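Since this is a predicted model, take the numbers as computed values, not measurements. Per chain, numbering begins at 1; letters A, B, ... match sequence-line order.
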Amino acid sequence: MALTREQMAQRVARELQDGFYVNLGIGIPTLVANYIPDGIDVMLQSENGLLGMGRFPTEEEVDPDMINAGKQTVTARPGAAIFSSAESFAMIRGGHVDLTVLGAFEVDQEGNIASWMVPGKLIKGMGGAMDLVAGAENIICTMTHASKHGESKLLEKCTLPLTGAGCINRVLTDLAYMEIENGAFILKERAPGVSVEEIVEKTAGKLVVPEHVPEMTFDE
Amino acid sequence: MALTREQMAQRVARELQDGFYVNLGIGIPTLVANYIPDGIDVMLQSENGLLGMGRFPTEEEVDPDMINAGKQTVTARPGAAIFSSAESFAMIRGGHVDLTVLGAFEVDQEGNIASWMVPGKLIKGMGGAMDLVAGAENIICTMTHASKHGESKLLEKCTLPLTGAGCINRVLTDLAYMEIENGAFILKERAPGVSVEEIVEKTAGKLVVPEHVPEMTFDE
Amino acid sequence: MAGFDKRVYSYEEAMQGIESGMTVLAGGFGLCGIPENLIAEIKRRGVKDLTVVSNNCGVDGFGLGLLLEDRQISKIYASYVGENALFEQQMLNNEIEVVLTPQGTLAERMRAGGAGIPAFYTATGYGTPIGEGKEVREFNGRHYILEEGIIGDFAIVKGWKADRYGNVVYRHTAQNFNPMAATAGKITVVEVEEIVEPGELEPSQIHTPGIYVDRIIQGSFEKRIEKRTVRD
Amino acid sequence: MAGFDKRVYSYEEAMQGIESGMTVLAGGFGLCGIPENLIAEIKRRGVKDLTVVSNNCGVDGFGLGLLLEDRQISKIYASYVGENALFEQQMLNNEIEVVLTPQGTLAERMRAGGAGIPAFYTATGYGTPIGEGKEVREFNGRHYILEEGIIGDFAIVKGWKADRYGNVVYRHTAQNFNPMAATAGKITVVEVEEIVEPGELEPSQIHTPGIYVDRIIQGSFEKRIEKRTVRD
């Protein structure tokens, strides 16, 4: 069965390492914060200028001057740092963030990502996504494997305008966890009960299937 | 008679305006701080990262963490700001300093300045001088009109390696106050008792002499 | 105005000199840390054909959204817009020109403008529509595009505390784009919640040194919250 | 090292991994705010052929001057050098290569290196020997030269207070080049006067966020004064 959003977040969370500075995009990436493994401490970077994002505030703690990049009210954990947008993107652009997790419309076998613009639809902007994909060496893309109409989002070549070129090396979909290497998706894990055949069928780009593709396991 | 160093500082100080942010170089420029006219407040910028340099400290106030760009111990006046070298030169390069006063070996009629390097002599470096002359729109150069050997320092073309190109528009020497315009020095004032003839003789670059060249006056 | 006393006592005085056709840099991220009263004053003045540089464009009826009501903005540089219906409508009607700029590039372009850096290279946007028409250059085997510094005729900034010299500190994440905007205005106007005496702000803790600031005004602020999110 | 605890407890551990031939960025202006114990540890280790990036090169027997005694520095990027006899002698003998760099350009090159900006344009040095061989470009009728970002294998930094996460604040003008150096080291080591608990430093008042810092060590400092100047 395809992974739920929560399971996707859980799977991504396994990529976290103790001491990682992490930027989580909006949507499924945000949920990753709920599944940080025990014994591991990560520091969340919010690109509006907060390193060490804490929990959502209580009603009493709500402060309009304390928000995250999703414009939600948040808190800062002890030991947080707050700074300007220029400093925030100096961190991001300079490659100081250890892991970035963000959603996408399409990813292709060259590591290109399209996530911000669908021609003909209203374009609202890329926010910090282009900076994030250009700055991080370590990015995980999360998305459904195929569109509602069954069209693959893992392509030979992105059809939508790019967010970044050649910058993605890991993709987690609701069906599979893949790495991108030498112009191909390498199938690393499959969702519980999802067959390799289904993944092959729903992957339009070049997919390398190793002999053994382990099934992901989830506690709950 | 040629101006003393103190008189030169006094004359430069008359160019100060209330509310000016000013960077004073080492030597005669430093002395300008002693002659700030009554009723005028200026804020001194020191390029190591201090805006609002105060007086020298008392013995008790001396603090190794509080120095100026000349590496002297100083104090900060109330309302001072302290920042990094990058921020300091952002101010300077960005043209936010109202007036820069600095010394020079040579200035020429095109506004070029040479102040940091004499080939064959030991070269210690330009420090912040190149940034200062490139950043300020308003620079006063102070120096003696001629060398000890009587060679003019106001030239048609600088002979020494430049600190900045086409950036000087005002020069105060021990003999005269001049502006640089359209490829010539314009003689604006002469030191008390110094003849126009002497200035003409000691100026190698093109010098425009107006009909009337007022003599500077000093109280003391 | 004597010496370094940059206080003004009315918003009219604060925005004196703003004219139609000018470029205005605005601090703020979403509705957080926006110079809300300075924006309202621009609306009151009715100046038109403004170019605005701001990460976002407010919401219907608040923040920069106010300036849409009378079509005062003809062009905007922003990273994310369209949180309000009026904006979308004007964008679809080509009544407003939108120059989408990646958030980090926007911040750095303002910083560069203020710091006398006319242009810099960044990997952000290379290979995307944002890079089209821009110079591409390789450094150490990686591709970068050239982006230029931005300065504005006015910068409008929201601070927390300031002294009369214009030294400013920001509160929490209301800092965001404000410090960069402050450096890059030919005239920089900062509205704050409190004006303190010179010396009350620790010199090494000042976010925006007074040299960048032309006018300071104390105001009161609605501080609208865009997405109030609380935990159980 | 668990989580974000970046404390180390010996200078040997602090400079672990430094090798001959590496590039070291150092904070400090003159003798103010220099990482004096980290420099002493580099001397103790005897690594050679270092490229050093620092505004100055210390004095005889103190600061980076220590590294001259055993000829550990083969190249230095600085804006002003030669405050010590040994340096002059090595410079005249061509035992040390000096790349003189305008002070503001040096600061900005480190900031750019840390911020992922490979190069930027500046008017500083145009038309001078510093501009020779560098690309010249005109923006709005003015000439600028291209300067590249700098990064180092190590950055050695002197802070005032830090928490164990590596958030650092600097004291007075001992800030100078330290924050930029901190951003631009592949390994950034900060020595401070005091380590405080996370949360004791006000988040919006931190000069160097911990993300840039790999190791923190608490030390004691001589803080030599170069030009003690007092008023009567």
Side-chain angles (χ1 to χ4, degrees), chain B residues 16-23 36-54 63 65-68 74-100 128 130-137 164 167, chain C residues 1-7 25 107-120 149-152 155 159 161-169 179-188 190 195-216:
Chain B
L16 299 173
Q17 291 177 25
D18 195 29
F20 260 21
Y21 294 96
V22 179
N23 184 293
I36 296 166
D38 284 347
I40 281 189
D41 191 11
V42 302
M43 197 82 82
L44 300 178
Q45 204 262 14
S46 192
E47 64 262 31
N48 58 316
L50 171 57
L51 182 70
M53 183 162 54
D63 186 332
D65 289 337
M66 184 64 96
I67 67 167
N68 66 16
V74 289
T75 60
R77 60 180 270 183
I82 294 175
F83 33 80
S84 74
S85 301
E87 180 65 49
S88 183
F89 284 94
M91 281 174 202
I92 289 168
R93 203 191 300 104
H96 303 279
V97 173
D98 295 300
L99 181 68
T100 290
M130 284 192 184
D131 306 281
L132 281 160
V133 299
E137 305 235 323
C167 49
Chain C
M1 194 161 67
F4 296 91
D5 188 352
K6 297 171 181 177
R7 290 173 295 184
L25 316 183
E108 191 66 15
R109 289 184 68 182
M110 286 198 221
R111 183 202 175 264
I117 292 176
F120 59 91
I150 297 181
I151 60 168
K161 294 181 184 178
D163 63 25
R164 76 172 79 103
Y165 296 171
N167 294 306
V168 182
V169 294
M180 283 75 69
T183 67
K186 288 178 197 163
I187 295 175
T188 291
V190 184
I195 294 179
V196 302
E197 284 302 306
E200 281 190 47
L201 303 174
E202 170 62 28
S204 62
Q205 299 291 13
I206 287 164
H207 293 122
T208 294
I211 196 169
Y212 295 115
V213 176
D214 297 284
R215 301 172 196 165
I216 283 280

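Judged as a salt bridge (Lys or Arg N to Asp or Glu O under 4.0 Å), and not counting sequence neighbours, the contacts of B/D63 are D/R171. Not counting sequence neighbours, the partners of C/H207 by the side-chain contact (heavy atoms from CB on, under 4.5 Å) test are C/V169, C/Y170, C/Q175, D/S204, D/Q205.
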Q: Check step by step if side chain to side chain contact (heavy atoms under 4.5 Å, CB included) holds for B/M66 and B/V74.
A: CA-CA 6 Å; B/M66 184 64 96; B/V74 289; 4.3 Å; yes
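A side-chain donor from one of B/Q45 and B/S88 sits under 3.5 Å from a side-chain acceptor of the other.
Taking chain B as the reference chain and counting heavy-atom pairs below 4.5 Å, the highest number among C/A112, C/P198, C/A115, C/G199 is found for C/A115. The greatest number of non-hydrogen atom pairs below 4.5 Å with chain B, out of C/P203, C/G114, C/G116, is found for C/P203. With respect to chain C, the highest number of heavy-atom pairs below 4.5 Å among B/G52, B/A81, B/G49 belongs to B/A81.
Contact of B/E87 with chain C is made through backbone and side chain together, with heavy-atom distances under 4.5 Å.
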